[in-house]
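These notes concern the structure reproduced below.
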Amino acid sequence: MSNLGAYQKFTTLAKKFGGVEKFIGLIVAGSTTVGAAGGIGAFIGGSKIAKRLKVKKEASRKKNDIIYKITAPGESNEGLKFEVGNEFRVLETDGDAILIEKLGDKTNPYFVDKKLLNKISNYS
């Protein structure tokens with residue numbers, strides 16, 4: 001069995017196109033054409049995606065600009081204490097876990113149970 005399998009297939013194919021130089025030239029030209037078309041498609045598709053992400057980011061930023069107030073004292077399972085008048089901002093939500101920034105606290109952020117926040121604040 002020959003160890004020249006791929007090489008033999010390449011040279012046989014190249015001969016059909018007039019030699020290795022011409023065949024490689026055709027591959028490069030074809031790749032450039034396809035690459036340019038793909039690049040234009042990616043640019044058009046990418047700009048649409050960028051616009052969607054910008055809209056989502058702006059909506060998220062508006063949501064994160066809401067500052068909630070603690071209306072009743074409470075403590076999380078992790079020992080985070082809340083006093084009446086404390087304020088927080090929601091950074092992210094994942095089911096019942098809420099990532100918050102407790103305003104004025106230097107050790108932010110904290111994960112807090114949604115039920116607790118509903119119970120002790122104006123967060124809903």
TODO: Return the minimal non-hydrogen interatomic distance between I70 and S121, and the atom names on each side.
DONE: CD1-CB, 4.0 Å
Open item on the list: I need the single residue from N108, T93, V112 that forms a side-chain contact (heavy atoms from CB on, under 4.5 Å) with I100. Which is it?
Closed with: V112
Task: For I67 against E87, the heavy-atom pair lying closest together - done: CG2-CB, 3.7 Å
- [ ] Indicate if V84 and F82 have the same hydrophobic cluster label, given that clusters are the connected sets of ILVMFWY residues with side-chain heavy-atom separations under 4.5 angstrom.
- [x] no
Open item on the list: With a 3.5 Å distance limit and no angle check, can you tell me whether N86 reaches the backbone of E83 through a side-chain donor-acceptor pair?
Closed with: yes
- [ ] Give, for atom NZ of K81 and atom NZ of K102, the distance between the pair rounded to the nearest 0.5 Å.
- [x] 10.0 Å
Task: Contact summary for D96 and K115, nearest pair of heavy atoms - done: OD2-CE, 4.4 Å
Open item on the list: Main chain of F88, side chain of K69: is a donor-acceptor contact present, judged purely on distance under 3.5 Å?
Closed with: no
Open item on the list: Measuring from atom OG of S76 to atom CG of L117, what distance do you get when rounded to the nearest 0.5 angstrom?
Closed with: 9.5 Å
Open item on the list: Quick check for you: to the nearest 0.5 Å, what is the distance between N118 atom CG and D113 atom CG?
Closed with: 8.5 Å
Open item on the list: Return the OH to CG distance between Y110 and D105, rounded to the nearest 0.5 Å.
Closed with: 3.0 Å
Open item on the list: Rounded to the nearest 0.5 Å, what separates atom CG in L103 from atom OH in Y68?
Closed with: 12.0 Å
Open item on the list: A side-chain contact here means heavy atoms from C-beta on lying under 4.5 Å apart; do E78 and F111 qualify?
Closed with: no
Task: Non-hydrogen atoms of I120 and P73 that approach each other most closely - done: CG2-O, 3.8 Å
